[in-house]
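Report on one structure; see the data block that follows.
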Amino acid sequence: MSHCCDHHTRHKPVSFGKNSGSPAPNLNTTEHRWRIHGMDCPSCAGKIETALRRLPGVHSAEVRFATERLWVRLTPEGSREQVVRAIHAAGFTPFSEQDKAPAAPLWRQHGTLLSLLLLMLLAAGAHLWLPAAAPWLFTLATLWGLVPVGRQAWRQARSGSPFSIEMLMTVAATGALFLGETAEAAMVLLLFAVGEQLESLAAGKARQGVKTLMALVPERARRLTQNGVEEVAIEQLAPGDEIEAHPGGRLPVDGTLLNASAAFDESAITGESLPVDRAQGEKLAAGSLVVDRAVRIRVTSQPGHSTLDRILHLMEEADAHRAPIARFIDRFSRWYTPAMIAAATLVAVLPPLLLAADWQTWIYRGLVLLLIGCPCALVISTPAAVTSALAAATRLGVLIKGGAALEQLGRIDTLAFDKTGTLTRGQPVLHELCLYSGFKREQVLALAAGLESGAHHPLAQALVAAAEAEGVEPVATGEKHTLPGAGIQSEWQGKALLIGSPAQLDAARFTVQQAADIARLRAAACTLVMLVVDEKIAALFALRDPLRADAGAGIAALRDLGINSLMLTGDHDMTARAIAAELNLDYRAGLKPEHKLQQVVRLGEQGRLGMVGDGINDAPTLKQASIGIAMGQGTDVALDSADAALTHNRLTALADAVRLSRATRANIHQNITLALGLKAVFLITSVTGVTGLWLAVLADTGATALVTLNALRLLRFRGRPS
């Protein structure tokens, strides 16, 4: 098995949010990565971190339970071999990111449990037919079961985690053995072994969604070159490269489609069951399955920065950005376990010392209390729910960075939206064309496209696209001159041409009809462009940034959840008023970035505010809001500033995410109530002598299993149909 690790030269996955990434780099440190095998619950990650941070030369260590990954930063005094030895000493197995997890044979995975069960059956049979041998067989079963548990307890104690469940089990089983309760001691260890297997299966189930995502991206791609096609590792692809993929293959990177059209199965990413038809120029996400034909894709994502990389990195960061309730439980469990050990000790010694009670009876009850005090179910109650919810959120098309953001999302009472690129598509289109002076539609479209061809302004591109859509070829014009703030000037067939805003023309030139058209279209939130041919007004182009198809449904769904919506925009009041009326929401218009930030600060003082945006100018407001949500195809600055992102820009997913957040909070409360409720019941029954050791273990194992299964219900969460 290889124990080498990945160095910091490897491309790091992209992330977004207020606190992102693995531990902050240090100029005198180097980063190394491993995968970790053998973690059954989030507390295992904490034990590994504790063991590594005690080592000299370790600047930082962080374990991500969801993806079983470890990041370590070493100073020049540290060594990789030292880290590997410490991980092994803590009872876990490290392996490199390129290697697959070591697959132990079934007999080794379950050998201890099966052999212990066999010894228990032999002892139970002997109790019926050979009573004198039964205690010895139960003792043998206890010792056999104690060996792996005691070894793990010793490893973790040496690594800085003395108050582990393995230590509690070792003390309780050893104590029961000395008290002569051999059958109960063996039963305690058997139930514990069963519980460990169930916990391992539950952890594997919770990770399954992450592992499925990790398996979606192929390791190699077919890159098109001048000499033909070459196979390369996906790390070698760069933006601008062209690749091809065949039916049945998955896209290794984000990109844009170069074919006229093709169908893609995006169910693994979006949860949509039917293939989606994509047209030339549309964006495609890594992991999409090619359905009907071979396609050519232009790469748009950097290595390690695709949509799937973002999802995986967010899953990894779930532990680093835990929900406030998870952080509280973590702090609570640190003193809770030692306190329960102290309480169990007092129960064992005080009644005999003060009341001359029977020592054996009260030591036994102290051991029972020790097992009741195990905080496993309580500790796993929150991270299990959060991990399941984050996995479910990715299927809804929402990337949420950790439990803190997930919890905050369900608490917002107002959601503020940027307009352009958020409520609207961010791409102007021709909404209406008014013709004057006897000019024909095809003629003015050809002239406008000829004047605007080659320009990068969105309005110019919209006019060129409108001509292309109607099959109109741009006419060749003379030399073009850009008039700052006024438009473009040229000539055609000896006639002067001018295209620009009506505001730059003398209003006295407008006829009554033209003035009425200008007023009507401005009131409809259109941006106006006028074409003048030989001093005659030939056409008025009304361009509009159309609303997203699901904008109205998204706002309505939020309203049904009791969340107010508000639009913050830099556009003039007339445009903002028309869009706000169409969506039935409040608005603030004419806002510069600094004014928009002031509005967010003021609204945040009145309640819990979320902000949705996509542009560079939205970054400050996304940071300032209680939770910032970026459109998945927005700017990198907006994505980096946000706590969450809509990967497919569906605004209806916002309401689904809020519902998921509220369902997660309810699930966590159920888990905590279940864990503490069972402990409270068995705490009373153990002190009064009603329940014994094996029931205490059964209660703890049962509570952990129930809490985990309840959390896994969130994986089945589905959004409401639009």
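This one's a predicted model, so the numbers in the text were calculated from it and none came from an experiment.
- Under the rule for a salt bridge (Lys or Arg N to Asp or Glu O under 4.0 Å), R85 has no partner lying at least two apart in sequence or in another chain.
- Annotation: side chain of T29 is not in contact with side chain of L74 (no heavy-atom distance under 4.5 Å).
- With contacts defined as side-chain heavy-atom distances shorter than 4.5 Å, the pair W71/H32 does not qualify.
- Within the 4.5 Å cutoff, no side-chain heavy atoms of L137 are placed close to those of L130.
- Remark: T361 pairs with D358 by the side-chain hydrogen bond (donor to acceptor under 3.5 Å, both in side chains) rule, at least two apart or across chains.
- When every heavy atom of L116 is checked against every heavy atom of A141, the shortest pair comes out as CD1-O, 3.2 Å.
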Q: Report the C-alpha distance between L119 and F138 in whole Å, list the side-chain angles of each, state the deciding distance to 0.1 Å, and finish with yes or no for side-chain contact (heavy atoms from CB on, under 4.5 Å).
A: CA-CA 8 Å; L119 285 172; F138 278 123; over 6 Å; no
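- Remark: L121 engages L117 in a side chain to side chain contact (heavy atoms under 4.5 Å, CB included) (not counting sequence neighbours).
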Q: Tell me, with the steps shown, if V386 and I668 meet side-chain contact (heavy atoms from CB on, under 4.5 Å).
A: CA-CA 8 Å; V386 168; I668 291 171; 4.3 Å; yes
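- The minimum heavy-atom distance linking A393 with I400 is given by the pair CB-CD1, 3.9 Å.
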Q: Test side-chain contact (heavy atoms from CB on, under 4.5 Å) on L52 and L70 and set out the steps.
A: CA-CA 11 Å; L52 296 182; L70 163 67; 3.8 Å; yes
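- Every residue two or more places apart in sequence or in another chain was checked for a salt bridge (Lys or Arg N to Asp or Glu O under 4.0 Å) with R665, and none qualifies.
- Put simply, OG1 on T142 and CE on M120 are 7.5 Å apart, with the number rounded to the nearest 0.5 Å.
- Between the side chain of R53 and the main chain of A61, a donor-acceptor pair closer than 3.5 Å is present.
- From R718, atom CZ reaches atom CZ of R395 across 6.0 Å, with rounding to the nearest 0.5 Å.
- Side-chain contact between I36 and T93: absent, with no pair of heavy atoms (C-beta onward) separated by less than 4.5 Å.
- The two residues A711 and N667 make their nearest non-hydrogen contact at CA-OD1, 3.5 Å.
- Taking CZ of R662 as the reference point, atom CG of L409 lies at 9.0 Å (rounded to 0.5 Å).
- Applying the side-chain hydrogen bond (donor to acceptor under 3.5 Å, both in side chains) criterion to R713, with sequence neighbours excluded, gives Q670, N710.
- Within the cation-pi definition used here (under 6.0 Å to the ring centroid, within 45° of the axis), R365 qualifies as a partner of W362.
- Atom CG of L140 sits about 9.5 Å away from atom CG of L122, to the nearest 0.5 Å.
- No donor-acceptor pair closer than 3.5 Å links the side chain of S661 to the backbone N or O of A657.
- For L346, the side chain to side chain contact (heavy atoms under 4.5 Å, CB included) partners at least two apart in sequence or on another chain are L350.
- Expressed to the nearest 0.5 Å, how far CZ of R69 lies from CZ of R35 amounts to 6.0 Å.
- The two residues A51 and A90 come nearest to each other via the heavy atoms CB-CB, 4.4 Å.
- Around atom CH2 of W136, no more than 12 heavy atoms belonging to other residues, nucleotides or ligands sit under 6.0 Å away.
- Of all heavy-atom pairs spanning L289 and G248, the tightest one is CD1-O, 3.3 Å.
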Q: Show your working on side-chain contact (heavy atoms from CB on, under 4.5 Å) between V84 and W34 and close with a plain yes or no.
A: CA-CA 9 Å; V84 169; W34 286 269; 3.8 Å; yes
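- Residues T664 and A385 share a closest heavy-atom pair of CG2-O, 4.1 Å.
- Atoms OG1 and CG, on T394 and L396 in that order, are 8.0 Å from each other to the nearest 0.5 Å.
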